[in-house]
Amino acid sequence: MKQYQLILLAGISLMLFSCGNKASQERQYPDAADSTEAMVTSSAARVSSVDSTHQFIRTAELKFKVKNVMESTTRIEDITIKNGGYVAYTQLGGSKDNVSTISVSKDSSLEATTFTVSNDMTIRVPNVKLDTTLREIARLIVFLDYRIIKADDVSLQVLSNKLAQKRASGAEKRLAQSIDKRGKKLGETTAAEEILQNKQEVADEAMIQNLSLEDQMKMSTVKLNIYQRPTIQHELIVNDDNLEKYEPNFFVKLWYSMETGWTIVSELILFIVRLWGLILFVLAVYLGYTFYNIRKKNK
């Protein structure tokens, strides 16, 4: 009975050790997809509700290899729309890396073209969805070339624009009141109006800059460069290098030349026949002239 209890205890201990060892290995060697997500994402892409004094513009730039560019492009577009964003730019195309031609028969060659399909994309997603979007895109990655994530604090720039707008608005009001009260002469009024317009332009520019910053803070910009493994396309084409091998032999060329010569002779005879009237006239003139000379000699 004691021996049975010892065996049972040893078995339970072995199972517990194996489970603990497996869990330790899982922690040391995470899944490949999780590892890729960890490489793509960053704390710079996460929105924190703790610090409310800073205002960030978050951007990301990634270059990576995928299995199929067309399918991955469609998937990225779906991810973008699902997270409330939109595709701002996309340029999908292929570049020829190498073209080689191999002769397979007397009149045919095999052309092998190696090309790479890639796509440059720019997507914009809500700031709070940047981290989620990058994690979902990471599942498409086969090999990551690089990733750059930035979180630029623009709090002081926003404050500076607001203060500039406030100063320009205040100066604008004071100047407008001064023009209404004292601007009686045309020259003084014109100069004051120009200064007032400059103040208005300063205020408008500061407001536009803040609107642009607010848009960038609200919507993060992600630039993607995706590519796939080079593809080889085979095409059977006419072998232009061996066209002289299909020229006819000497006797065939001789027969063709005789036919061509006879054609020329027949055309010449037909041309002469067409001139029978002229020939007859020349012959009549010649005979008349000859007959005239003979009669003259006889006299």
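- Contacts of D215 classified as salt bridge (charged side-chain N to carboxylate O under 4.0 Å, His left out), with partners at least two apart in sequence or in another chain: R124.
- Using a 4.5 Å heavy-atom threshold, the side chains of M219 and P126 count as touching.
- The closest side-chain heavy-atom distance from I149 to L134 is below 4.5 Å.
- Other residues sharing the hydrophobic cluster of I264, ordered by chain and number and joined by side-chain separations under 4.5 Å: none, the residue standing alone.
- Closest non-hydrogen pair, H234 versus A112, comes out as CD2-CB, 3.9 Å.
- Other residues sharing a hydrophobic cluster with I81 under the 4.5 Å side-chain heavy-atom criterion for ILVMFWY residues do not exist; the residue is a singleton.
- For the pair I137 and I79, the tightest heavy-atom approach, listed with the atom from each and the gap, is N-CD1, 4.1 Å.
- T59 places none of its side-chain heavy atoms less than 4.5 Å from the side chain of Q216.
- From N68, atom CG reaches atom CZ of R229 across 13.5 Å, with rounding to the nearest 0.5 Å.
- The side-chain contact (heavy atoms from CB on, under 4.5 Å) check on S72 picks up V66, L140, I226, with sequence neighbours excluded.
- Listed by chain and residue number, F115 satisfy the side-chain contact (heavy atoms from CB on, under 4.5 Å) test with Q233 (two or more places apart in sequence, or in another chain).
- Residues passing the side-chain contact (heavy atoms from CB on, under 4.5 Å) test with Y89 are Q91, D120, T122, sequence neighbours excluded.
- Nearest heavy-atom pair, L92 versus N119, reported as atom, atom and distance to 0.1 Å: N-OD1, 3.3 Å.
- Each salt bridge (Lys or Arg N to Asp or Glu O under 4.0 Å) pair with one or both residues in residues 265-281, not counting sequence neighbours, would appear here, but there are none.
- Looking only at atom types and distance, the side chain of N225 has no donor-acceptor partner in the side chain of S118 under 3.5 Å away.
- Using a 4.5 Å cut-off between side-chain heavy atoms of Ile, Leu, Val, Met, Phe, Trp and Tyr, with links allowed through other members, Y86 and L224 fall into different hydrophobic clusters.
- When hydrophobic residues (I, L, V, M, F, W, Y) are linked wherever their side-chain heavy atoms come within less than 4.5 Å, Y289 remains an isolated member.
- A salt bridge (Lys or Arg N to Asp or Glu O under 4.0 Å) check over residues 60-76, counting only residues at least two apart or in different chains, returns nothing.
- Annotation: side chain of K218 is not in contact with side chain of N127 (no heavy-atom distance under 4.5 Å).
- By the 4.5 Å side-chain criterion applied to Ile, Leu, Val, Met, Phe, Trp and Tyr, F143 is assigned to a cluster that also includes Y227.
- Inter-residue side-chain proximity for T73 and M121 is flagged as met; some heavy-atom pair is nearer than 4.5 Å.
- By the side-chain contact (heavy atoms from CB on, under 4.5 Å) test, V265 is found to be paired with W262, I269, residues two or more places apart in sequence or in another chain being considered.
- With rounding to the nearest 0.5 angstrom, the CG atom of L144 is 6.5 Å from the CG atom of L62.
- Sorted by first and then second residue, the pairs that involve residues 79-103 and meet salt bridge (Lys or Arg N to Asp or Glu O under 4.0 Å), not counting sequence neighbours, are K82-E136.
- Taking OG1 from T263 and CG from L268, the interatomic distance works out to 12.5 Å, rounded to the nearest 0.5 Å.
- Across D145 and F64, no two heavy atoms sit closer than the pair OD1-CA, 3.6 Å.
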